[in-house]
Amino acid sequence: MNESDAIIFVVDDDAAMRRSLAYLFDSAGWKVQTFESARDFLQRYEGHAPGCLLLDVRMPLMSGLELQHELSRHAIALPVIFLSGHGDLAMAVQTMKAGACDFLEKPCKDQVLLDAVSRAVARSVEESRSAASTNTAQAALATLTAREREVALLMAEGKASKVIARELGISDKTVQVHRHNTMEKLGLHSAAEVARLLMAGGAI
């Protein structure tokens, strides 16, 4: 995942505003998708690419705040920037407490908006990379048997085969077999690498 994969999602019920923002982001080299309503976004959003969501606050049927809550409810980790002509301090605080990256008021200077988007996209790309790393690690660990996983966890603690054998109540030779199979399945060569993989997969 990198910034060239990112998409700027614009949700605003004002068609002229959507066109203006799409032109701005396109001119700056970003990929852009526009939506006329929060529901339109929820129906069409596929959730694969990193990016950020530029969101108006007051819209018919479903407000920007309600959409933000829906994203949170569905564990969609897309950074949100609110851009509103009706903002106030209380509303800004509310959106930021709910996890928004920024709350900007219309009209907003182009560079201020572009800078906010760049920060949000950088955050999204990093989160996407982290999630991909976690998924890869968990998939690799899922190939281990229960005993191999036990051995891997003890290896990660830096314990020697004889110690592992004593703790698990098995022979040293059996531990050696499990160590070999674990390393082969995971494609690793040291206990330190096993520890890093376990950490990436959330196992320790």
Side-chain angles (χ1 to χ4, degrees), residues 1-9 30-31 33 41-55 66-81 95-102 116-204:
M1 295 288 184
N2 53 59
E3 292 192 6
S4 65
D5 299 314
I7 300 174
I8 313 303
F9 302 97
W30 296 107
K31 298 175 184 175
Q33 291 183 14
F41 171 79
L42 287 173
Q43 290 172 355
R44 293 167 50 196
Y45 177 63
E46 297 179 350
H48 302 305
C52 77
L53 174 60
L54 192 65
L55 187 57
E66 290 171 329
L67 175 55
Q68 184 186 29
H69 294 153
E70 279 296 298
L71 296 179
S72 178
R73 192 168 70 86
H74 289 93
I76 298 175
L78 188 64
V80 175
I81 298 172
T95 61
M96 299 298 280
K97 280 185 175 180
C101 292
D102 270 301
V117 164
S118 293
R119 290 191 297 270
V121 168
R123 168 179 155 181
S124 179
V125 168
E126 182 58 34
E127 289 174 348
S128 295
R129 287 174 179 167
S130 178
S133 176
T134 298
N135 291 339
T136 299
Q138 290 176 343
L141 293 171
T143 66
L144 302 180
T145 65
R147 181 63 86 185
E148 288 166 353
R149 193 179 180 91
E150 288 179 322
V151 170
L153 287 167
L154 293 171
M155 286 171 57
E157 295 177 10
K159 294 181 178 179
S161 293
K162 289 183 179 179
V163 176
I164 295 174
R166 186 166 60 249
E167 290 195 14
L168 296 181
I170 57 180
S171 70
D172 184 41
K173 183 175 182 180
T174 300
V175 171
Q176 293 289 352
V177 171
H178 286 315
R179 287 181 71 115
H180 172 76
N181 290 342
T182 296
M183 293 294 199
E184 192 170 72
K185 285 182 178 181
L186 300 179
L188 303 177
H189 304 91
S190 71
E193 289 178 323
V194 172
R196 285 194 290 272
L197 186 68
L198 288 166
M199 289 178 66
I204 57 175

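- Minimum interatomic distance between A152 and T182 (heavy atoms only, all atoms of both residues): CB-CG2, 4.1 Å.
- For the pair L42 and H74, the minimum side-chain heavy-atom distance is 4.5 Å or more.
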List the steps, then state whether side chain to side chain contact (heavy atoms under 4.5 Å, CB included) holds for H178 with L168. CA-CA 12 Å; H178 286 315; L168 296 181; over 6 Å; no

Please step through side chain to side chain contact (heavy atoms under 4.5 Å, CB included) for the pair L144 and N181, ending with a clear verdict. CA-CA 9 Å; L144 302 180; N181 290 342; over 6 Å; no

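- Partners of K162 under the salt bridge (charged side-chain N to carboxylate O under 4.0 Å, His left out) rule, at least two apart in sequence or in another chain, do not exist in this structure.
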Criterion side chain to side chain contact (heavy atoms under 4.5 Å, CB included) on L71 and Q68, from CA distance to verdict: CA-CA 5 Å; L71 296 179; Q68 184 186 29; 5.5 Å; no

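- Between G51 and P79, the closest heavy-atom pair is O-CD, 3.5 Å.
- By the salt bridge (charged side-chain N to carboxylate O under 4.0 Å, His left out) test, E66 pairs with no residue at all, sequence neighbours left out.
- C52 and A120 get closest at one heavy-atom pair: CB-CB, 3.7 Å.
- In this structure, T136 contributes its side chain and A132 its backbone to a donor-acceptor pair below 3.5 Å.
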Which pairs would a plain distance check flag for residues 193-200, meaning a side-chain donor or acceptor within less than 3.5 Å of a matching protein atom at least two apart in sequence or in another chain?
{"unit_1": "E193", "atom_1": "OE1", "unit_2": "H189", "atom_2": "N", "d": "2.5"}
{"unit_1": "E193", "atom_1": "OE1", "unit_2": "S190", "atom_2": "N", "d": "3.2"}

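- Within the model, atoms CG of L78 and CG of L67 stand 9.5 Å from one another, a figure rounded to the nearest 0.5 Å.
- Distance OG1/T174 to CD1/I164: 12.5 Å, rounded to 0.5 Å.
- With sequence neighbours excluded, the residues satisfying salt bridge (charged side-chain N to carboxylate O under 4.0 Å, His left out) with R123 are E127.
- Listed for the S130 side chain is no donor-acceptor partner under 3.5 Å among the backbone atoms of E126.
- Here CD of Q176 is found 11.0 Å from NE2 of H180. Values are rounded to the nearest 0.5 Å.
- Closest approach of L153 and A203 over heavy atoms only: CD2-O, 4.1 Å.
- By the 4.5 Å heavy-atom criterion applied to side chains, L55 and F41 are not counted as neighbours.
- The line from NZ of K173 to OG of S161 is 13.5 Å long, rounded to the nearest 0.5 Å.
- Remark: E150 pairs with R147 by the side-chain hydrogen bond (donor to acceptor under 3.5 Å, both in side chains) rule, at least two apart or across chains.
- With sequence neighbours excluded, the residues that form a salt bridge (charged side-chain N to carboxylate O under 4.0 Å, His left out) with E157 are K159.
- Separating the SG atom in C101 from the CG atom in L54 is a distance of 11.0 Å, to the nearest 0.5 Å.
- Of the inter-residue distances, the one linking L186 atom CG with T143 atom OG1 reads 5.5 Å to the nearest 0.5 angstrom.
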